[in-house]
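If you read the sequence from its start, that first residue is 1, and numbering goes on from there.
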Amino acid sequence: MTTEPTAVIHDIGYRHYDGVRLGRGRATLALGVQSLRGVFGLGRTVRAKIMPLALAAIMLMPTVVSIGVMALAKQFIMPYPNYAVFMQAVIAIFLAAQSPYLVAPDLRFRVLPLYLSRPLTVTDYVLAKLTALAIALFGLLAVPLTIQFVGELLVDLPGPPHTADYLGALGGAVLYAVLLSSVGIALASFTPRRGLGVASVIAFYMFTAAVSGIFAGVLISSGRDSLAGWALLLNPFFLVDYAQSALFGTTPVNTESAPPGIASCLILLAVVALAVTGVLLRYRKAAS
């Protein structure tokens with residue numbers, strides 16, 4: 001009497017990896033590139049591409065209008081340093097939509113220990129996420145500014161081109177990218193739910209914008225114009241606008257009650273340091 005075997009062992013060729021191990025740097029770079037692609041929906045579904053690409057297109061609209069006015073009326077209407085303040089609502093929506101994408105899924109599905117089982121550290125992971133979002137925000141601002149500058153050169157307006165303002169605005173774009181990415185990631189990392197992350201970033205922007213505007217209006221109406229600029233610093237966009245003016249010599253949107261430039265820069269650094277520290281502490285706790 002014969003019996004059928006109850007189990008069969010198959011040799012499917014598992015072998016140890018004997019190639020070159022590229023280490024932490026390459027792993028951090030790969031995570032950052034993958035995160036940056038995901039911010040704009042690359043490698044994701046069509047639905048994931050709609051929001052970031054639509055917002056990027058909206059960011060270009062003032063540039064198109066500005067170039068048209070320069071070509072037809074020979075008049076410069078959109079100062080480069082004020083572009084981000086003028087488009088702050090669009091930038092805030094982009095930040096709110098993409099910050100939770102970068103951090104919420106890993107927290108929700110608890111895959112952070114899987115990342116950290118490789119040479120990556122918590123600092124590497126946070127650095128990759130912050131850098132990816134900062135580059136995305138910088139591109140969101142730098143592309144329309146650069147297109148407008150090229151358009152200004154091609155139209156050849158009377159007088160010299162606004163090169164100093166353009167370069168100062170690019171420096172300001174770096175400040176916007178660093179500050180907003182730090183705050184956005186910090187707010188989104190405290191909840192594993194993408195919807196709550198979006199709501200927290202939007203609520204932060206609306207609260208700071210409303211409170212700074214109300215305080216500034218009350219102070220101006222009571223004759224305390226010198227203090228109104230300090231109230232505007234509650235809004236991260238005005239905070240960067242004043243710091244940009246101090247560092248790169250640009251003209252801020254509100255010139256009547258501008259606080260000391262060094263104070264704006266120190267506050268900006270303090271906010272970034274606080275946000276990054278919060279993110280690191282959050283992820284060290286999540287990884288433990």
Query raised in the report: Is it the case that one hydrophobic cluster holds both M206 and L187, taking links as side-chain heavy atoms less than 4.5 Å apart, direct or via other members?
Result: yes
Query raised in the report: Do other residues, nucleotides or ligands put more than 12 heavy atoms under 6.0 Å from the CZ atom of F248?
Result: yes
Query raised in the report: Would a 4.5 Å heavy-atom cut-off, applied to side chains only, mark T146 and Y166 as touching?
Result: yes
Enumerate donor-acceptor pairs with a distance under 3.5 Å from any side-chain N or O in residues 96-113 to protein atoms, sequence neighbours excluded.
from : atom 1 : to   : atom 2 : distance (Å)
S99  : OG     : L95  : O      : 2.8
D106 : OD2    : Y125 : OH     : 2.4

Query - Inter-residue atom distance I91.CD1 - L141.CG, 0.5 Å rounding - result: 4.0 Å
Distance-only criterion, 3.5 Å: show the donor-acceptor pairs between side-chain atoms of residues 52-67 and protein atoms not counting sequence neighbours.
from : atom 1 : to   : atom 2 : distance (Å)
T63  : OG1    : Y83  : OH     : 3.1
T63  : OG1    : P144 : O      : 3.1

Query raised in the report: Can you find a heavy atom in the side chain of F204 that is under 4.5 Å from one in the side chain of P236?
Result: yes
Requested in this report: Report the distance from atom CG of L167 to atom OH of Y80, rounding to the nearest 0.5 Å.
Outcome: 10.0 Å
**Report entry** Close side-chain approach of L234 and F207, heavy atoms under 4.5 Å
**Finding:** no
Report summary line: For V201 and G184, the nearest pair of non-hydrogen atoms, with its separation, is CG2-O, 4.1 Å
Query - Minimum-distance pair of heavy atoms, taken over all atoms of Y242 and L232 - result: OH-CD1, 3.5 Å
Report summary line: Output for pair (L180 CG, L133 CG), nearest 0.5 Å, gives 8.5 Å
Report task. Give me the one residue out of D124, T123, L120 that meets side chain to side chain contact (heavy atoms under 4.5 Å, CB included) with R24. Result -> D124
Requested in this report: Identify the heavy atoms of F215 and A231 that sit nearest to each other, and give their distance.
Outcome: CB-CB, 3.6 Å
Report task. Measure the acute angle between the ring planes of F40 and F94, then classify it against the limits of 30° and 60° as parallel, tilted or perpendicular. Result -> tilted
Query - Non-hydrogen atoms of A134 and A177 that approach each other most closely - result: O-CB, 3.2 Å
Query - Heavy-atom donor-acceptor pair, Q148 side chain to M78 backbone, under 3.5 Å - result: yes
Query raised in the report: Would you say R37 has more than 12 foreign heavy atoms packed within less than 6.0 Å of its CZ?
Result: no
Report task. Would you confirm whether S245, through its side chain, and T250, through its main-chain N or O, come within 3.5 Å as a donor-acceptor pair? Result -> yes
Query - Main-chain N/O of V178 paired to S182 side chain as donor or acceptor, under 3.5 Å - result: yes
Distance-only donor-acceptor hits, side chain of residues 261-279, under 3.5 Å, sequence neighbours excluded:
from : atom 1 : to   : atom 2 : distance (Å)
T277 : OG1    : A273 : O      : 2.7

Query raised in the report: P81 and D241: which non-hydrogen atoms are nearest, and at how many Å?
Result: O-OD1, 3.9 Å
**Report entry** Test item: T28 and T131 side chains (from C-beta on) under 4.5 Å apart, heavy atoms
**Finding:** no
Query raised in the report: Do the non-hydrogen side-chain atoms of V85 and V240 ever get within less than 4.5 Å of each other?
Result: no
Query raised in the report: What distance separates N82 CG from Q88 CD, expressed to the nearest 0.5 Å?
Result: 11.5 Å
Query raised in the report: Atom CG of D156 and atom CG of L153: how far apart are they, to the nearest 0.5 Å?
Result: 8.5 Å
Query raised in the report: Are any of the side-chain heavy atoms of F237 and T208 separated by less than 4.5 Å?
Result: no
Query - Rounded distance (nearest 0.5 Å) linking atom OH of Y176 with atom CG of L137 - result: 12.0 Å
